[in-house]
There are 2 protein chains.
Amino acid sequence: MDKDKIDKKDHILDVAERVFADYGFDGASTRTISGEAGVNMAMLNYYFGSKEGLFLAVFERKIASFRTLLQNIGNDDTITTWGKLEKCIDNYVERIIVNNCFQKLINREVSMNKRWTLTDKITEILMVNVYEIKKIIEEGLTNGSFYSDIDIPMVIATIFGTKNYIINMPQLSSLIVGHDIRDEKFMEEELKPRVKAYMKRLLKAYLVNENDNSK
Amino acid sequence: MDKDKIDKKDHILDVAERVFADYGFDGASTRTISGEAGVNMAMLNYYFGSKEGLFLAVFERKIASFRTLLQNIGNDDTITTWGKLEKCIDNYVERIIVNNCFQKLINREVSMNKRWTLTDKITEILMVNVYEIKKIIEEGLTNGSFYSDIDIPMVIATIFGTKNYIINMPQLSSLIVGHDIRDEKFMEEELKPRVKAYMKRLLKAYLVNENDNSK
DNA sequence: CAAAATTAATCAAACGATTGATTAGTCAAA
DNA sequence: TTTGACTAATCAATCGTTTGATTAATTTTG
């Protein structure tokens with residue numbers, strides 16, 4: 001049945017996502033993935049063409065849903081520019097902490113200088129999401145609610161970089177925060193609201209022109 | 001000669017550092033390393049025992065050169081707290097860009113779920129630098145020059161995270177900035193001062209209480 | 001409708017290439 | 001001649017991928 005086929009592909013993607021996240025692209029062998037998924041090794045190539053194709057399929061699936069979320073926020077005319085950015089921050093913090101294994105995987109692979117085709121494809125997919133945030137900040141520039149001399153690329157680096165830092169270096173972050181951030185309860189009840197509140201205040205202080213004459 | 005041996009080992013470590021940074025631990029083969037270093041493959045095992053031993057040796061060497069950098073800034077009583085932080089920012093931006101290969105290597109290995117002994121070692125070293133910045137911010141809290149309700153751990157995450165983001169994801173950063181950030185001239189003349197200026201203004205907006213009555 | 005033809009899905013086995021590591025031996029210096 | 005630096009050749013293991021065969025499902029045909 002067609003439904004079964006889709007479920008099977010999805011199941012492979014589920015397993016591959018976890019194995020890639022645990023071992024990295026090179027460290028995760030096709031044998032391990034197919035073994036843990038309970039399918040024949042050749043199925044990976046049959047469905048996804050290659051190991052790289054499988055990786056990209058995992059990646060694309062993860063990133064696509066977030067993209068539509070960002071786009072909906074950006075196109076919402078009922079909220080202010082700053083309100084949009086706040087929504088982005090909330091969603092991004094919420095999301096990246098849920099998917100932190102995957103986030104680590106992305107950073108590890110993109111930070112490689114070689115393997116250009118893979119890196120380029122990942123970058124291309126990530127760039128779409130970056131562009132959505134960029135658009136919002138630019139909107140704040142044109143309607144005067146943000147300071148005119150802000151550095152947009154740097155702001156983006158701060159938004160993504162701050163969260164990546166916490167997620168990618170959990171041992172170090174735990175020492176800095178003074179609590180094991182991998183503790184799920186702490187993460188949910190303490191860290192997430194804290195990161196959200198901090199990011200909003202930080203960016204507001206840098207971006208938002210309180211003396212703006214627009215609405 | 002003994003001198004030659006040390007030079008040769010050092011040369012291998014130089015090459016290994018770069019190759020590990022480019023390909024990751026798994027992706028970097030011993031053949032590639034020995035090939036680029038112009039030595040026989042067996043020399044790696046001869047000198048360092050194993051691939052992991054070589055990897056550890058790369059770290060040990062780098063770590064040794066890291067130890068004595070920022071501590072003088074914190075103990076300097078002739079500048080304001082904010083001045084100290086500015087100095088730290090300048091120093092880090094300057095430094096991380098020089099050592100960006102190594103920085104990438106650190107981030108990739110720390111983000112791994114495996115290889116705990118190595119991760120702990122790296123975390124310990126990084127924590128020394130983190131602590132120096134933490135001390136400075138706390139000083140600003142006690143002398144009233146910084147707002148009293150700031151989130152110190154998050155500020156640290158922003159300082160390191162923003163920089164790491166730019167360095168670790170050069171392809172993406174280049175697209176965001178609109179110029180290849182691996183271009184050395186651009187990096188030196190444009191990006192470095194830009195990152196420094198941005199970080200200072202961002203943190204000043206968040207941290208510095210302009211109505212402070214201290215000096 | 002039923003038989004035949006075609007396609008899709010799955011499998012065990014094996015491919016050539018590459019991995020990290022080791023061996024046995026060379027060679028120069030002491 | 002003995003020792004330590006060094007090399008070419010090779011090891012078994014594992015890598016991602018491909019193969020040819022088999023089964024299941026679907027479509028076409030008579």
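Every chain is numbered from 1, with letters handed out A, B, ... down the list of sequences.
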> Rounded to the Å, how far apart are A:Lys9 NZ and C:dA8 C1'?
Replying inline: 12 Å

> Sequence neighbours excluded, which residues qualify as ring pair (Phe, Tyr, Trp, His ring centres under 6.0 Å) partners of A:Phe55?
Replying inline: A:Phe20, A:Phe25

Atom pairs under 3.5 Å: protein N/O with N/O of nucleotides 11-17 of chain D:
residue, atom, partner, partner atom, Å
D:dG16, OP1, A:Ala28, O, 3.3
D:dG16, OP1, A:Lys51, NZ, 2.4
D:dG16, OP2, A:Thr30, N, 2.9
D:dG16, OP2, A:Thr30, OG1, 3.2
D:dG16, N7, A:Arg31, NH1, 2.8
D:dG16, O6, A:Arg31, NH2, 2.7
D:dT17, OP2, A:Lys51, N, 2.8

>> Expressed as a whole number of angstroms, how long is the span from A:Met43:CE to C:dA8:P?
In response: 13 Å

>> Checking B:Thr158 against A:Tyr165: is there a side-chain donor and acceptor pair closer than 3.5 Å?
In response: no

> Who pairs with A:Thr68 by side chain to side chain donor-acceptor pair (under 3.5 Å), at least two apart in sequence or on another chain?
Replying inline: none

>> At less than 4.0 Å, is any side-chain N or O atom of A:Asn40 found next to OP1 or OP2 of C:dA9? Yes or no.
In response: no

> To the nearest Å, how far apart are B:Leu44 CG and D:dA8 P?
Replying inline: 14 Å

> Restricting to pairs with a member in residues 28-49 of chain A, which pass salt bridge (Lys or Arg N to Asp or Glu O under 4.0 Å), not counting sequence neighbours?
Replying inline: A:Arg18-A:Glu36

> Listed by chain and number, what are the side chain to side chain donor-acceptor pair (under 3.5 Å) partners of A:Glu138, not counting sequence neighbours?
Replying inline: none

>> Please report the distance, rounded to the nearest Å, between OH in A:Tyr46 and P in C:dA9.
In response: 4 Å

>> C:dT10, OP1 or OP2 - any side-chain N/O from A:Tyr47 closer than 4.0 Å?
In response: yes

> Excluding sequence neighbours, so at least two apart, what forms ring pair (Phe, Tyr, Trp, His ring centres under 6.0 Å) with A:Phe48?
Replying inline: none

>> If I take atom CD1 in residue B:Ile33 and atom C1' in nucleotide C:dA21, what distance separates them, rounded to the nearest angstrom?
In response: 14 Å

